[in-house]
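To keep things clear, I will list the structure first and then write my remarks on it.
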Number of protein chains: 2
Amino acid sequence: MTNRLIKLDHALLGMLHQQPMSGYDLRKIFISTPLKHFSDSPGSIYPALDRLERAGWIRGKIDANVALRPKKIFSPTARGSARLRAWLKAPITQEDIIWHIDVLMLRLSFMSGFLQTTEIVRFLESMATETSAYISSLRDYFRGVSSEMPISAKLALRGGIEAYEDRLRFVRSAIKELKLAK
Amino acid sequence: MTNRLIKLDHALLGMLHQQPMSGYDLRKIFISTPLKHFSDSPGSIYPALDRLERAGWIRGKIDANVALRPKKIFSPTARGSARLRAWLKAPITQEDIIWHIDVLMLRLSFMSGFLQTTEIVRFLESMATETSAYISSLRDYFRGVSSEMPISAKLALRGGIEAYEDRLRFVRSAIKELKLAK
DNA sequence: CGATACATGTAACCGGTTACATGATTTT
DNA sequence: AAAATCATGTAACCGGTTACATGTATCG
């Protein structure tokens, strides 16, 4: 129950660690920043905040100085922080590389302050390993079938492979940058 | 009702255009090929095939030579082909670039045989335009906030931008390739 | 003889989308 | 006076996930 890994929930939890906020504030950020790869509808955010509060990861306090409608400001609890850290440190699988790349990037974005540079580097190295393995399997597949594929299908598949190659290149440059900064 | 644009439905419709198949065959493809960015569970595929049949886009025929359990082979109808073509030709929005890149690549993969090369090129050029516009807005945002961001957040955002830049590079090279092939 | 492959389907659950409801304040 | 913004929430709907059900045939 408290162990589900819903993307939106962790996005909210991470954002509340950077700054306690209301649901409305969170929505505004989702709408106005390019990190809006998450749902910005009230029908998803308010129930998600409920879930998080029921799970004991955040706690909401009603803002006293009520000018407008009362605001509920959510802050992470100790359990919420532990949960976020655990999520950031969770091992990377090939499934993550294939289906949840956005979640991996979200995790990366929250790591400073929670993890040491060496841990972030390990995370990225693991990403590189898994990505590189997946690229190999894609190349093998491509070699086997590309001759029979129509051109647009071939292009699409090549585009898919290149996207992973580009991601790998990024991850490796990020590792270098982190090691220099350390 | 018949106008929804569900990813899985169109993926199935497109695949049935390449070769009439049963639900089980479709599942096997989803499981075994790297184009498995779509749901492979029976709980999604069989209901989806029902939807498509009810919408009149495909028609299922029970395979006569029953060795094992009877197989239902689905073929696209004329209306289904029209629908697929319309989907392939639909204009690209910036939302597609941001949230449905996988759908755009899926569309690209189905285009040969349905669209002329000039139309495919137009599709890719539109992708390039929208991607490039979105990159500009991301760069503007990055310039404004990067100084205050912790390093891992900055890396993640940069990675996001680079992914779009790489995608743009791919699209441009694909345009060149198509023009040469023509 | 047990496991795996073939083949289709259903049911419970869960979360996101859309749209609506409410109501005060501020801007045009 | 109307529209937009602040701020939270609910309800209907829809589709995906997971797990289960069923039954044959083949492989080890």
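Owing to the predicted nature of the structure, the values given are computational and were not obtained by experimental measurement. Quick note on labels: first sequence line is chain A, next is B, and so on, each numbered from 1.
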B:Tyr164 and B:Tyr134 aromatic ring geometry - parallel, tilted or perpendicular at 30°/60° bounds: perpendicular

Has A:Ser112 got a side-chain atom pairing as donor or acceptor with B:Pro150's backbone, closer than 3.5 angstrom? no

Among the candidates C:dG16, D:dG16, D:dA19, find the nucleotide nearest to the side-chain atoms of A:Ser44. C:dG16

Side chain of A:Arg51 only, please: which of C:dG16, C:dT8, D:dC6 is the nearest? C:dG16

Near A:Gln116 CD, under 6.0 Å, is it more than 12 heavy atoms from other residues, nucleotides or ligands? no

Report, as yes or no, whether the 6.0 Å neighbourhood of atom CZ on B:Arg59 holds more than 12 heavy atoms from other residues, nucleotides or ligands. no

Is the distance from OP1 or OP2 of D:dG9 to the nearest side-chain N or O of A:Tyr46 less than 4.0 Å? no

With a 4.0 Å cutoff (strictly under), does any side-chain N or O of B:Tyr24 reach OP1 or OP2 of C:dC6? yes

Nearest whole angstrom, please: distance from the C1' of D:dG16 to the CD1 of B:Ile6. 11 Å

Which one, D:dT8, D:dT17, D:dA19, comes nearest to the side chain of B:Ser41? D:dT17

Output the single nucleotide from D:dG15, D:dT8, C:dC6 whose closest atom is nearest the side chain of A:Lys71. D:dT8

Looking at every strand, decide which applies to A:Gly43 at a 4.0 Å heavy-atom threshold: base, sugar-phosphate, or nothing. base

Give the rounded distance in Å between these two atoms: CG of B:Asp25 and C1' of C:dC6. 10 Å

Could you tell me whether the phosphate oxygens of D:dT5, OP1 or OP2, come under 4.0 Å of any side-chain nitrogen or oxygen in A:Arg27? no

